Amino acid sequence: MSALTSIFWKELADNFGSRRFIIMVVLICLVGIFSAYLSGQVIKTEPLQTSTEFLFLKVLTLPSRSLPPFIYFLGLLGSLLGIIFGFDAINSEYSRGTVSLVLSQPVFRDSFINAKFLAGLATIAVIFMSIFLILLGLELYMFGILPEGEELARLAFFLSVSIIYTGFWIALGILFSILFKQTTTSLLTSIVIWFFLTFFIYMVANVVADQVAPITPEVTKEVILKHAKIQSIIMSISPGTLYGRTAEVVLNPSIRTLGPGLPEIVEGLILTPLPLSQSILIILPQLITLFLLMIVCFGISYIVFMKQEIRST
Amino acid sequence: MEIVKTEEVSKFYDKVRAVENLNLKIEEGEIYGLLGPNGAGKTTTILMLLGLTEPTTGKIQVYGYNPTTQPLQVKKITGYLPENVGFYEDLTARENLRYVARLNGISDKKSSEKITEVLSMVGLLDVGDWEVGKFSRGMKQRLGIASVLIKDPKFVILDEPTTGIDPEGAARILELIVKMREEKGITVLLCSHLLHQVQRICDRVGIFSKGHLAVEGSVDKLGEMVAGKSGFFLEVELAEGKEDLAEKINNLEGVREVTRRGKFLSIRCDQDVREKICRIIVENGDIPLQMKGRDYTLEEIYVRYFQEGG
């Protein structure tokens, strides 16, 4: 067994045994079951929604009267999960004095950080897969129908996107755990960034768009478009937005375009479901950006950690 | 055979020099004490030997490997016990050692026997299944030595192994270090600021002060070197205290200075001249009641190199 796999299994065991893991799993399961159950109720009661095509995707995406759909929560909790499994990855090892213990063994320094990152991803993957299985069970209980073929492919694809998205937050947490010696500092910084990118970015986007293209009563169509475009570009900084758009398109086969659907574009379209490959094409830029964000974030952590001096005190 | 060799190694942090032009040589099978006050650059030197930090200039060889470019080869044969060694506190001592063994590529099947062996060597066999969080500092330090031994190292670096441990615990650790060398033929580099505590087990010591090796040699040799500058001290009590004695002793070869206070003579000399002094006293009709040699040498080493560094 190589050093990387040894560290990986150790970290994975640590993650699964930790209290934070249990708390987050319980939270996600509760939120998932409630929101999916309520969405299921909406499907059951509203006659327009009775088509059983892509039923499970609807269970995940349809908002109910009292709760947003599950994918909204997944975006929120996924980012928190990432931070929680990343923010003290390195600095807690420093404060316990175990960095020297591990790195004075014949172990490449990057194995340490790589194994931690991969263990974080694996933990997330297991959590996400479990919650999907639970929700599938819920769907089976409510409707007696299980997804097949295209729907499963979309689910699997969505799962991998969710893991990449969470991977970005793990990488961000690890980065701060390298930059700051105190775990409280790295946690706070991560949360501040998370808060900014998740909530504050909407306000920033609105303010900037209002400044550049103010919407007045006698506004033209071009200005409204420009307003929406600026807003959209600024919001693309946030991985949450990227993930949200991707989720929307991947889980909703009838979506043809992102952004404002102008009448001349939408007119005459027959809203038959797209194949998965076409949906992926629509959100390819978002996907690539999301992936790059994760890689860049981890890359910076990697470089900083490789140059760091390993001192036990 | 020289297993560690550094040539003109320097390390700068920004513009502060931590280590300057260090030429260190450690022979196979010896216990080398690298001694010096806190902040003298000992730990930096160790980190460079292990490739955990890079030297700014100079060359380092450990068993012929360059730690900067071949850290894995160096770490395979070198055990390192850092100051304030940390373990995973929620794991037992055995689990911690098994993890270290895995990181060294030793399978669990092979390591379980080895773990028992090293635990009994450091006297922790009974508490091997305790969580490390329950261990005392001294026990953790011994577990640290066990973790170093698990990979069967040829060379072991111990950073401040006895600091913060009660005298009894410290004595046990020193005993272990000697045992390591006697039973396994391991070369040891021992870093400490506690000269008095560790000097008796070191074959050679190098005294580190402000980033460079101030003096080097066996403890006895160092004592003589310092004595060469400051001399031996003798205190003699006389039965009568004749006045002209002081001058006569001062005329002896090898005596530098004699001062008299009543019946007591304080003599500073370059070599051991007790016999001659006794003879002179008796020949002059006085009797030496007692003669005390004061061993200032190590004290002086301490004052000269340690106190100043803080």
Side-chain angles (χ1 to χ4, degrees), chain A residues 1-22 88-116 118-119 177-178 181-183 302-313, chain B residues 11 13 18 38-39 43-44 46-54 65 67 70-91 95-108 111 132-133 140 143-144 147-148 150-151 153 156-157 159-160 163:
Chain A
M1 202 155 48
S2 81
L4 183 111
T5 43
S6 301
I7 303 175
F8 174 80
W9 287 112
K10 154 93 176 51
E11 289 301 321
L12 202 61
D14 278 0
N15 282 351
F16 282 125
S18 62
R19 246 169 253 146
R20 57 183 94 168
F21 174 81
I22 296 164
D88 65 347
I90 303 293
N91 51 13
S92 73
E93 299 268 350
Y94 269 108
S95 57
R96 281 183 291 185
T98 42
V99 175
S100 305
L101 179 74
V102 173
L103 290 184
S104 59
Q105 313 306 331
V107 169
F108 280 117
R109 200 185 283 199
D110 52 347
S111 303
F112 192 59
I113 182 167
N114 290 347
K116 284 201 166 249
L118 291 176
S177 85
I178 293 170
K181 291 273 167 256
Q182 300 284 330
T183 50
Y302 186 94
I303 293 166
V304 175
F305 186 64
M306 290 304 275
K307 294 204 162 170
Q308 218 166 37
E309 183 176 279
I310 308 297
R311 222 173 244 271
S312 61
T313 39
Chain B
K11 173 77 184 177
Y13 291 108
N38 298 322
T43 304
T44 307
I46 295 175
L47 294 182
M48 289 193 289
L49 290 182
L50 287 164
L52 292 177
T53 187
E54 287 176 29
Y65 298 115
Q70 303 163 293
L72 246 49
Q73 279 89 334
V74 171
K75 288 194 272 189
K76 235 174 229 162
I77 46 176
T78 307
Y80 169 45
L81 178 64
E83 192 182 354
N84 299 322
V85 62
F87 288 97
Y88 294 98
E89 308 232 318
D90 47 344
L91 300 182
E95 284 166 342
N96 269 293
L97 292 180
R98 193 175 308 136
Y99 184 47
V100 171
R102 278 184 198 162
L103 293 178
N104 280 285
I106 305 169
S107 68
D108 289 2
S111 68
V132 175
K140 272 186 204 164
L143 181 61
S147 78
V148 162
I150 206 118
K151 61 168 120 174
V156 162
I157 301 174
D159 195 0
E160 302 280 1
T163 305

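Proteins get letters first, then strands, A, B, ... in listed order; numbering begins at 1 in each. Since the structure is predicted, the reported quantities are computational estimates derived from the model, not experimental observations.
Atom CZ of Phe21(A) is surrounded by more than 12 heavy atoms from other residues, nucleotides or ligands within 6.0 Å. Under a cut-off of 6.0 angstrom, the local environment of CD in Glu89(B) is crowded, with over 12 non-hydrogen atoms contributed by other residues, nucleotides or ligands.
Contacts with chain B were tallied for Val99(A), Leu4(A), Leu101(A), Leu103(A); Leu101(A) has the most, counting heavy-atom pairs under 4.5 Å. In terms of heavy-atom pairs under 4.5 Å with chain A, the best-connected choice from Val74(B), Leu81(B), Thr44(B), Leu50(B) is Thr44(B).
Atom OG of Ser104(A) and atom CD1 of Ile46(B) lie 11.0 Å apart (nearest 0.5 Å). Separating the OG atom in Ser100(A) from the CG atom in Asn84(B) is a distance of 9.0 Å, to the nearest 0.5 Å. Note that CG of Leu103(B) and NZ of Lys10(A) are 9.5 Å apart. Values are rounded to the nearest 0.5 Å. Rounding to the nearest 0.5 Å places CG of Asp90(B) at 6.0 Å from CG of Asp14(A). The CD atom of Gln105(A) sits 13.5 Å away from the CZ atom of Arg102(B) when rounded to the nearest 0.5 Å. With rounding to the nearest 0.5 angstrom, the CG atom of Asn104(B) is 9.5 Å from the OG atom of Ser6(A).
Proximity to chain A is absent for every atom of Ile77(B), based on heavy atoms less than 4.5 angstrom apart. Residue Gln308(A) touches chain B through its backbone alone, counting heavy-atom pairs closer than 4.5 Å. For chain A, the nearby parts of Phe87(B) are the backbone and the side chain; heavy atoms of each come within less than 4.5 Å.
Contact annotation: the side chain of Pro106(A) approaches that of Lys151(B) to within less than 4.5 Å [non-hydrogen atoms, C-beta and beyond].
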